[in-house]
Amino acid sequence: MFIKQLYTGCLSEAAYYIESDGVAAIVDPLRDIDSYVQLATERNAAIKYIFETHFHADFVSGHLDLQKATGAPIVYGPNTETNFPIHLAKDGENFPLGKASIEVIHTPGHTIESTCYLLRDDTGKAHAVFTGDTLFVGEVGRPDLSSGDLAKEELASLLYDSLNNKLATLPDDVIVYPAHGPGSNCGKNLGPGTSSTIGEEKQHNYALQPQERSAFIKAVTSDLPAAPTYFPINARINKEGYDSLEKIMETALTPLSVADFKKWMEGDDTIILDTRKAGDFTKQFVPGSISVGLEGRFAEWAGSLLPFDKPIILVTEAGEERESVIRLARVGFSRIHGYLAGGIEAWRQAGEEIDLIIDVEVDELAMDLPYDDHLVAVDVRREAEFADGHVRGAVNIPLNEMTDPGSMANIEEHQNLYLYCGSGYRSVIAASLMKRQGIHNLRNVLGGFNAIRVQEGIEIVKDSSVLN
């Protein structure tokens with residue numbers, strides 16, 4: 001058998017290629033399917049199945065495009081309802097895969113249709129289980145993202161049974177291959193690895209420890225962070241279907257002259273998205289642009305902050321146009337109408353207006369804090385990060401809340417805003433959003449809180465207050 005995990009860092013997502021004797025299966029494919037088709041071609045194998053563990057909320061799956069390219073059926077587990085043809089598998093159903101086989105294990109809890117797939121070798125021995133969002137390394141899938149109408153407590157109760165009566169009964173040496181690694185919002189606090197074993201999870205995962213049902217339900221439903229706002233949109237797209245990536249590319253990869261770009265800008269609804277590195281964006285950008293750099297958790301922040309129903313035009317690094325579109329399409333964006341040909345340099349050389357964001361080193365913040373009565377440190381990290389340590393007197397406006405019109409209501413014109421996040425990526429996004437709202441008296445603190453906390457002369461405090 002041959003197994004390859006194909007991991008996408010900006011989504012913390014793992015898809016899988018499984019092969020035996022020239023027959024292959026793909027588990028939880030991303031929307032851009034070329035890597036799966038190419039791998040099968042290189043290995044002289046045929047993709048026979050497309051297995052989906054559930055309706056993904058954090059990305060748009062590649063199941064439809066992959067089915068069209070290969071003819072392989074899309075397999076979902078019990079209780080799945082879609083607007084397109086699928087093979088609706090039964091609990092315990094077996095699928096031959098060359099000399100190996102894959103067994104369906106229905107594991108409701110994360111969602112009602114959540115299903116794991118157990119790979120058995122040519123002797124029938126259980127080798128690996130592809131757990132989707134049911135079981136992660138050190139964590140389990142959150143039960144508040146249901147594709148049905150069950151309460152999170154009801155789903156948590158189902159998850160308790162799925163873990164204890166099904167997954168925990170597998171041999172300890174069975175490899176666990178989950179759909180996500182650390183950083184994913186599909187669980188509360190995923191461990192650092194992207195694979196494990198049943199034995200290791202029974203030893204270290206809090207959710208697999210012996211406990212009463214009520215205690216388990218309380219543990220997995222407490223302190224759940226707010227889910228990104230695009231999750232329900234992606235889950236619906238995965239259930240109902242979507243336009244092919246090829247069709248989106250036809251429009252999205254249209255090079256726009258400066259004149260054509262400006263025509264799109266005349267529309268009040270048009271979003272100018274700049275995907276260059278944060279450090280390049282601050283130096284020069286098209287006025288009104290929103291910065292979401294490809295170097296960070298691009299897809300997650302684009303999905304959380306940008307509207308899905310408005311046209312998008314792009315400013316990118318040369319050669320990054322296609323990558324920008326693919327990553328947007330992964331989380332459901334389809335109204336992309338082209339990119340600025342020649343990038344920001346073409347804009348500048350045409351004599352068009354350029355905007356910028358002032359970057360400051362952390363020692364400058366330390367010098368200004370005691371003497372500038374109008375200085376306000378704005379911490380754009382999440383509330384939990386803020387509570388764990390922040391600049392004394394800082395105002396917390398989490399980046400994920402900045403689409404709320406009231407989030408910046410208390411900012412006053414005379415204030416000198418010094419924005420920081422963890423390392424400097426999110427603060428540039430926040431600064432671009434503020435600029436777009438007409439707030440220009442701001443600076444971006446380079447290095448973020450990672451640099452601030454080791455800088456002499458800046459007092460760090462810990463508390464749970466959120467000062468909006």
_Steps toward side chain to side chain donor-acceptor pair (under 3.5 Å) verdict (Glu300, Asn185)_ = CA-CA 9 Å; Glu300 178 181 316; Asn185 280 297; 3.3 Å; yes
How long is the span from the [atom1] atom in [X] to the [atom2] atom in [Y], to the nearest 0.5 Å?
X      : Y      : atom1 : atom2 : answer
Asp269 : Trp264 : CG    : CH2   : 11.0 Å
Phe130 : Leu135 : CZ    : CG    : 13.5 Å
Ser35  : Ile26  : OG    : CD1   : 8.0 Å
Met402 : Ser432 : CE    : OG    : 9.0 Å
Asn416 : Asp372 : CG    : CG    : 4.5 Å
Trp301 : Leu306 : CH2   : CG    : 11.5 Å

*May I ask you to check if Arg43 and Phe2 form a cation-pi contact, with NZ or CZ under 6.0 angstrom from the six-membered ring centre and within 45° of the axis?*
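Yes, Arg43 lies over the aromatic ring of Phe2.
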_Do Arg31 and Phe59 form a cation-pi contact, if we require the NZ or CZ to be under 6.0 Å from the six-membered ring centre and within 45 degrees of the ring's axis?_
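Here Arg31 fails the 6.0 Å and 45° test against Phe59.
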*Give the intermediate values and the outcome of side-chain contact (heavy atoms from CB on, under 4.5 Å) for residues Leu163 and Leu208.*
CA-CA 7 Å; Leu163 293 171; Leu208 287 180; 3.8 Å; yes
*How far apart are the C-alpha atoms of Arg348 and Glu345, what are their side-chain angles, what is the distance that settles it, and do they pass the salt bridge (Lys or Arg N to Asp or Glu O under 4.0 Å) test?*
CA-CA 5 Å; Arg348 186 180 60 79; Glu345 285 302 315; 2.4 Å; yes
*Name of the residue among Ile18, Leu119, Asp173 meeting side-chain contact (heavy atoms from CB on, under 4.5 Å) with His127*: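 Of all the options given, the one that passes is Leu119.
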[X] versus [Y]: any side-chain heavy-atom pair under 4.5 Å?
X      : Y      : value
Cys421 : Leu399 : no
His390 : Ile460 : no
Tyr177 : Val129 : no
Gln209 : Phe216 : no
Ile271 : Pro311 : no
Leu159 : Leu155 : no
Ile344 : Phe281 : no
Ile439 : Met408 : yes

*Decide yes or no on salt bridge (Lys or Arg N to Asp or Glu O under 4.0 Å) for Lys188 and Asp223, but give the supporting numbers first.*
CA-CA 8 Å; Lys188 284 195 294 186; Asp223 302 320; 5.5 Å; no
Any idea which heavy atoms bring [X] and [Y] closest together, and the distance?
X      : Y      : answer
Gly241 : Leu64  : CA-CD1, 3.6 Å
Asp65  : Ile33  : O-CD1, 3.5 Å
Asn450 : Ser423 : ND2-CB, 3.8 Å
Gly193 : Val137 : O-CG2, 3.6 Å
Ser162 : Pro108 : OG-O, 2.7 Å
Ile248 : Ser334 : CD1-CB, 3.9 Å

Taking atom types as modelled, find out whether [X] and [Y] have a side-chain donor-acceptor pair closer than 3.5 angstrom.
X      : Y      : answer
Ser427 : Asn444 : yes
Thr8   : Arg330 : no
Ser114 : Thr111 : yes
Ser61  : Asn238 : no

*Any chance you could lay out the side-chain contact (heavy atoms from CB on, under 4.5 Å) test for Leu253 and Arg322, step after step, and finish with the verdict?*
CA-CA 7 Å; Leu253 293 181; Arg322 181 179 178 84; 4.2 Å; yes
Is [X] reaching over with its side chain to a backbone N or O of [Y], donor-acceptor style, under 3.5 angstrom?
X      : Y      : answer
Trp347 : Glu353 : yes
Asp274 : Val286 : no
Arg213 : Ser157 : yes
Tyr36  : Ala25  : no
Ser291 : Ala278 : no
Glu13  : Asp58  : no
Glu321 : Ala341 : no
Ser324 : Glu320 : yes
Gln415 : Glu412 : yes
Lys283 : Gly279 : yes

*Please report the C-alpha distance between Tyr420 and Asp379 in whole Å, then the side-chain angles of each, then the deciding distance to 0.1 Å, and finally whether the side chain to side chain donor-acceptor pair (under 3.5 Å) criterion is met.*
CA-CA 5 Å; Tyr420 70 88; Asp379 188 322; 2.8 Å; yes
*Mind checking whether Phe333 and Phe308 have ring centres under 6.0 Å apart?*
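Close enough - the centres of the two rings lie under 6.0 Å apart.
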*Can you check whether His110 and Phe55 have ring centres sitting under 6.0 Å from each other?*
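Not close enough - the centres of the two rings lie 6.0 Å or further apart.
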*Can you tell which of Arg453, Arg426, Lys462 makes a salt bridge (Lys or Arg N to Asp or Glu O under 4.0 Å) with Glu385?*
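The option that passes is Arg426.
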*Between Thr134 and Leu167, does a side-chain contact (heavy atoms from CB on, under 4.5 Å) hold up when you go through it step by step?*
CA-CA 10 Å; Thr134 297; Leu167 293 185; 3.9 Å; yes
*Given Cys10 and Arg327, is the side-chain contact (heavy atoms from CB on, under 4.5 Å) satisfied, shown in steps?*
CA-CA 9 Å; Cys10 75; Arg327 293 206 197 179; 4.0 Å; yes
*Parallel, tilted or perpendicular for Tyr117 and Phe51, by the 30°/60° rule?*
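It falls in the tilted class, 30° to 60°.
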